[in-house]
> 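Shown below is the structure under consideration.
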Amino acid sequence: MSTQEQYLEDLLLEEEVKNQNEIVLYNDEVNTFDHVINTLMRTCDHTPEQAEQCSLIVHYKGKCTVKTGDYDDLKPRCTLMLEAGLSAEIV
């Protein structure tokens, strides 16, 4: 592969990644770890380990990106999270 071909491939990949949106989950003082973990498994298709790690990051850092993808895929997931009482937004 030539240098120019590699550069073009890298640009296309970068462009694809930039078109991705994220669901960011924020810490609150209301929800339990179990509720957050169960909600992440249900709404974001997380494994129990992923959901637990995200809940710990949110607890200690204040926020965490929990899902990345197209807006049309993330919108219903974020809505379910909000309906479950979590604080989240799509960025």
> For G85, does its backbone N or O pair with a side-chain atom of H35 as donor and acceptor, under 3.5 Å?
no
> With distance as the sole test, does K67 use its side chain to make a donor-acceptor pair with the main-chain N or O of I23 at under 3.5 Å?
no
> Do L40 and Q50 have side chains that approach each other closer than 4.5 Å (heavy atoms only, starting at C-beta)?
no
> Does the distance from a Lys or Arg side-chain N to an Asp or Glu carboxylate O, for D45 and R77, drop under 4.0 Å?
yes
> What's the separation between atom OG1 in T68 and atom CD1 in I90, rounded to the nearest 0.5 Å?
11.0 Å
> Looking at CZ of F33 and CG of L56, how far apart are the two atoms once the value is rounded to the nearest 0.5 Å?
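That separation rounds to 5.5 Å.
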> Could you tell me if the side chain of V24 sits less than 4.5 Å from the side chain of Y26, heavy atoms only?
yes
> Closest heavy-atom contact between L25 and S87?
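Nearest pair, atom of L25 first, then S87: CD1-O, 3.3 Å.
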> Working to the nearest 0.5 angstrom, can you tell me the gap between C78 SG and E83 CD?
10.0 Å
> Give, for atom CE of M41 and atom OG1 of T43, the distance between the pair rounded to the nearest 0.5 Å.
10.0 Å
> What distance separates N27 CG from S55 OG, expressed to the nearest 0.5 Å?
10.0 Å
> What closest approach, in Å, do V66 and C44 show between heavy atoms, and which atom pair accounts for it?
CG2-SG, 4.2 Å
> Enter the distance from M81:CE to L74:CG here, rounded to the nearest 0.5 Å.
10.0 Å
> Hey, does the side chain of D73 reach the backbone of G69 with a donor-acceptor pair shorter than 3.5 angstrom?
no
> Could you tell me whether the side chain of D28 reaches within less than 4.5 Å of the side chain of V58, counting heavy atoms only?
no
